[in-house]
Amino acid sequence: MLFLGAMAAMVFAREAQGIPLRQEIMRSKHGVSTSLGNEKSAYPEMWYEDQRLDHFNAEDKRTFKQRFFANFGHFKPGGPIFINIGGEGPLDGKEVSGYLTNALFANQTNGATVALEHRFYGKSQPFNSLATEHLTYLTSRQALHDLARFQQWLIANRSLSTSIFFCMGGSYPGSLAAWYRLEFPEMTAGCWSSSAPVQAQETWPGFGEMVWQAVATDSTGAVDYSVSTKLYAGYEQVAGLIQDATLESFKQLEELFHVCPGTLASQQDRDSFESTISTVVGTVMQYNNTKEPKLSAVRDIVIKAKTPLDAALDVSKFLGLMDVAGLPNNCTDNSVMSLYKVLGNITLDADGEGLGNAGRTWTWQTCNEFGYFQTATSVFGKATMYTRGASSRSMWEQMCEQVFGIEATSVSARIAHTNKYYGAKDPKGISQVFFTNGALDAWSLLGVTEYPSNSREVYAEVAPLGSHCVGLYAPREGEVPGATAIRTRALQLFQRWGRMMQENGGEVIHTADRFIV
């Protein structure tokens, strides 16, 4: 649920839980990876060999291999199983190693944890290419049925019929966690939905608005809007330079950003470059609690800059937008066609590692189901960090049409269908779900941040100063206090829900009556 908001890259490894952002996709094609690396893991990849391609067509018998990782190191018979739901990028052994809280919970409860890779990401590829006709099988509902069918197989394969299952996920997988409780409530005792943008939205200015708020906020929570104002004013000056289609302006941009000749030829190209500049701080906001660089570093640069223009240029340099090391012709190409070229790569080796093209597949999901098209604010009086170029249709609806053949007029209807089916922020009848968010995470604006008192064991909690997926990572030095509170409550709720399931008859129920066999 995305386009400026979480982490993605064409060379995409989910070091952080998050949704791929357009600016990350653009940077990845320039050789800038958002991954921390894939070190050797003690938890090797494993395979579920018989996943159905189409769970909604009994006549279609095709199957594919789906990758998963497991950690049974502290498991005792009857112990709980914590499913870490895979999302919009490849998985690796780190998903069950203790990097996230699923392994921590398993260790503390004599349980185990497994992580299932999402179809069409990483090595879980149903076809030998990512051609658009194949992507019709890439939907959230197919993924939920993948999870249920895999869980049934795991129970039989590992003799886990006496174990209670829980699920958890952050960002898009956080939405899947909540929706798994809607679609298959009998399969788990409860799920943790972290930073889940459960409300699909086509045009979304909220991301840029939250970036403004986050840049204005220091690590103690004190707010100084002059910092955001100064940076935005600088971005407006850069935007003016980009939109001035004169040779003199291009020469300045060539000197500052090493712009490739011919890449600012059209209005769409200029909008694309402008958007790249003013939206890049969104990646810092999203991962502020869990990844370098921090917003504090950006704020320091802005405060020390002599002028707003200096602030915008210094931040751009700090975040690598002026770096041409390793780029063809030693110049930067932020044209709209360069983006379309990345998204149009249908090969499974698009990332150079045989792990598909997460930028393409996630963009398909946004065009087909979710939207999350991050735009500049159109409401008077609402401050944003994004300049006008971010609202260009060439990067949203027009992109859906040109890259995937999805007519721009149908995008709204697809997004409306998603909200109608799942219930957006008010999923009807949902039970035993813990919704958590960070107060300074833009995705919280599309998530469940409060929930009325109810008898269905649905809870919501927001961590002050928290960013994306706060609390979902294992404890780390310097994390915001709210991370510990969320993590503690999540485990308490899992334990409570486990007892409730046992008390309600003493039998663990994992039915398969809705599966096509």
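Excluded from the calculations below are hydrogen atoms, water molecules and symmetry mates; all remaining heavy atoms, backbone and side chain alike, are included.
Side-chain atoms of T436 and V470, non-hydrogen and from C-beta on, never get closer than 4.5 Å to each other. Looking at K382 and P205, their side chains never come closer than 4.5 Å, going by heavy atoms from C-beta outward. Within the 4.5 Å cutoff, side-chain heavy atoms of M210 are placed close to those of S444. Contact of the V298 side chain with the M285 side chain is not registered, since no non-hydrogen atoms from C-beta on lie closer than 4.5 Å. Using a 4.5 Å heavy-atom threshold, the side chains of Y422 and S140 count as touching.
In this structure, a donor-acceptor pair under 3.5 Å is absent between the side chains of N334 and E274. A donor-acceptor contact closer than 3.5 angstrom is absent between the side chains of T347 and R360. Between N419 and Q199, the side chains place no donor N or O within less than 3.5 Å of an acceptor N or O (distance only, hydrogens not considered). The closest side-chain donor-acceptor pair between N288 and S467, if any, does not fall under 3.5 angstrom.
In terms of the ring pair (Phe, Tyr, Trp, His ring centres under 6.0 Å) criterion, F250 has no residue partners (sequence neighbours excluded).
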Using a 3.5 Å cut-off and no angle test, enumerate the donor-acceptor pairs between side-chain atoms of residues 251-260 and protein atoms at least two apart in sequence or in another chain.
none

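The aromatic rings of W204 and W443 are tilted relative to each other, their planes meeting at an angle between 30° and 60°. The aromatic rings of W364 and F404 sit perpendicular to each other, their planes meeting at more than 60°, with 30° as the lower class boundary.
Residue pairs meeting the disulfide bond (SG atoms under 2.5 Å apart) criterion with at least one member in residues 393-422, sequence neighbours excluded, are C367-C400.
The side chain to side chain donor-acceptor pair (under 3.5 Å) test with E117 singles out one residue from R67, Q66, Q125, and that residue is R67.
For W212 and Y386, the distance between ring centers is not under 6.0 angstrom.
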